[in-house]
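Down below is the structure, laid out as structure tokens.
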2 protein chains.
Amino acid sequence: MHGATLGPVPKPDVDPTVSLDLRVDRSSPVPLYFQLSQQLEAAIEHGTLTPGSLLGNEIELAARLGLSRPTVRQAIQSLVDKGLLVRRRGVGTQVVHSQVKRPLELSSLYDDLEAAGQRPATRVLVNTVLPASAGVAAALGVPEGGDVHRIERLRLAHGEPMAYLVNHLPLGLLDLDSGQLEATGLYRMMRSAGITLHSARQSIGARAATAAEAERLGEPEGAPLLTMQRTTYDDTGRAVEFGDHTYRPTRYSFEFQLLVRP
Amino acid sequence: MHGATLGPVPKPDVDPTVSLDLRVDRSSPVPLYFQLSQQLEAAIEHGTLTPGSLLGNEIELAARLGLSRPTVRQAIQSLVDKGLLVRRRGVGTQVVHSQVKRPLELSSLYDDLEAAGQRPATRVLVNTVLPASAGVAAALGVPEGGDVHRIERLRLAHGEPMAYLVNHLPLGLLDLDSGQLEATGLYRMMRSAGITLHSARQSIGARAATAAEAERLGEPEGAPLLTMQRTTYDDTGRAVEFGDHTYRPTRYSFEFQLLVRP
DNA sequence: TCAATGCAAATGTCCGGACAATCGGACTAC
DNA sequence: GTAGTCCGATTGTCCGGACATTTGCATTGA
């Protein structure tokens, strides 16, 4: 035994990334790890990297791309965080057996409907400023009786009422133009106003419709309704929105995917 | 202008981590970054690090602890991922203005109730093996008509029915002992069987109770019910569980916090 | 007085290397 | 034949440094 190892039998399953046309543009301002992670994600999405396939070790991948291992690891890690990849020490990195698509974002009903091709419509029923009730004040962290925005909207899909949305917002954050509210979603307006959403506390429940609710949504009185209350915070911890929504359960349900943080 | 800068005025707000008794044990098998992140998290939880306070720069923090900057960054990053900290380039790292507690795990009803001090009780009504219906087969990825486990449970809190849980599982994964099912939760049993949960697809809705459902939960017929369907996958992508649950909305609602991934 | 410029501070990105821990299979010994 | 052992492969952890980018503030200039 003096050299020439007889043969670590060549692995039957080849590294699928070799056939992939991976490359990074060092002159781009986009971070290298991000370029790589996007290309890998696209390959997974496109099916070029098949579920269950091994990714080939980080060292060699780094060498082939002319990157350092930490950079490659950062790219891979971001996809692991998204639930697209799984790492196993001593084994390798595998593409997760699909099923994972959207790991639950802070969803906007408007965006959800639009993504589903439902062409949402909004009717702004109320858009005013009034003193905060105790519950609203507590949720938004403003003094009770202090002025807040209140908007009430009816959201329709295919001409049918789908949800009744009541929202309260602190003053001074946003210019709440009714026309804009009907043309887009509240979250989109907040984001374009420079508010960086950070987290939200949600509560989902059900109850029987009151006469007024039934009337608004076109349901019989006493019909089951799906309810959601949400307080949204920006990255400074300020509450920027408090919503109290009711949905027609025959037309809408909450669908989401969640990941187990390891 | 040749040297001696007149004086960068000392910052009025001192770095709150200096008063913190941070230290790492290099002989421990616990990773250094993890030791640090745990101590920081405890300090935030305990209120020693107050919301909004700056954390002091990474370089100096690393030097004080005798760690490298990448290690300190890894610790901080894990807390940023949890939503406890916010980084701003050119500014520093701040403790988020609280509100964030649980960023939504793949929750087990049993664990939730126990954590809320409700002392949950479970009554196993059905625990059998039968051919999979079309819906169950599709959810679990097994052939239609192939055998699967089916368990039906009634979950009570304070002696009152709270939820009716129907679950289907593929054969051979788990030893489904009824006694154990009543003493603990299904998820806990799966975890201790070596199954690493990875993700789940959930759907939450509402509907009126049928006569049978109303009977089981002690509600009048036609009462609104909260429903949840969930398929859970392990890290190989296998579906390991399909659940169809109905909850009494007067006794239970889904509460969770979610983070916006930046 | 107010706007433009420059500077310091802090995080973001990237590198190259080193060693440890774990997994799985091959080999060996019984 | 079977169980235990060893070993290669791969990811996990950690280091020390370098430069880029952004932010906020102070200074400067009009």
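Below, chain A is the first sequence line, B the second, and so on; all start at residue 1.
- Look at CG on A:D235: it is 14 Å from C1' on D:dT23, rounded to the nearest Å.
- When the side chain to side chain contact (heavy atoms under 4.5 Å, CB included) test is applied to B:V136, the partners found at least two apart in sequence or on another chain are B:A132, B:S133, B:L140, B:V148, B:H168, B:F242.
- D:dA9 atom P lies 12 Å from atom CD of A:E60, rounded to whole Å.
- A:R89 is linked by a salt bridge (Lys or Arg N to Asp or Glu O under 4.0 Å) to nothing, counting only residues two or more places apart in sequence or in another chain.
- A:S27 meets the side-chain hydrogen bond (donor to acceptor under 3.5 Å, both in side chains) test with A:D25; sequence neighbours excluded.
- Every residue two or more places apart in sequence or in another chain was checked for a side-chain hydrogen bond (donor to acceptor under 3.5 Å, both in side chains) with A:Q39, and none qualifies.
- Side-chain polar atoms of A:S203 and A:Q229 form no donor-acceptor pair below 3.5 angstrom.
- Applying the side chain to side chain contact (heavy atoms under 4.5 Å, CB included) criterion to A:T196, with sequence neighbours excluded, gives A:D235.
- Partners of B:E58 according to the salt bridge (Lys or Arg N to Asp or Glu O under 4.0 Å) rule, which considers only residues two or more places apart in sequence or in another chain, are B:R69, B:R73, B:R87.
- One can place CG of B:L36 at 14 Å from P of D:dT13, the figure rounded to the nearest angstrom.
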Considering only nitrogen or oxygen atoms on both sides, find all protein atoms under 3.5 Å from nucleotides 12-14 of chain C and state each distance.
unit_1	atom_1	unit_2	atom_2	d
C:dG12	OP2	B:R73	NH1	2.8
C:dG12	OP2	B:R73	NH2	3.0
C:dG12	OP2	B:R87	NE	2.8
C:dG12	OP2	B:R87	NH2	3.3
C:dG12	O4'	B:R89	NE	3.2
C:dG12	O4'	B:R89	NH2	2.7
C:dG12	O3'	B:R89	NH2	3.4
C:dG12	N7	B:R69	NH2	3.4
C:dG12	O6	B:R69	NH2	2.8
C:dT13	OP1	A:Y33	OH	3.1
C:dT13	O4	B:R69	NH2	3.1
C:dC14	OP1	A:L32	N	2.3
C:dC14	OP2	A:L32	N	3.3
C:dC14	OP2	A:Y33	N	3.3

Can you tabulate the close N/O pairs, meaning under 3.5 Å, that link protein atoms to atoms of nucleotides 4-6 of chain C?
none

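- Sorted by first and then second residue, the side-chain hydrogen bond (donor to acceptor under 3.5 Å, both in side chains) pairs involving residues 169-181 of chain A (not counting sequence neighbours) are A:N127-A:S178.
- Atom CG of B:L55 is separated from atom C1' of C:dA9 by 15 Å (rounded to the nearest Å).
- Between A:N57 atom CG and C:dC23 atom P the separation is 18 Å, expressed in whole Å.
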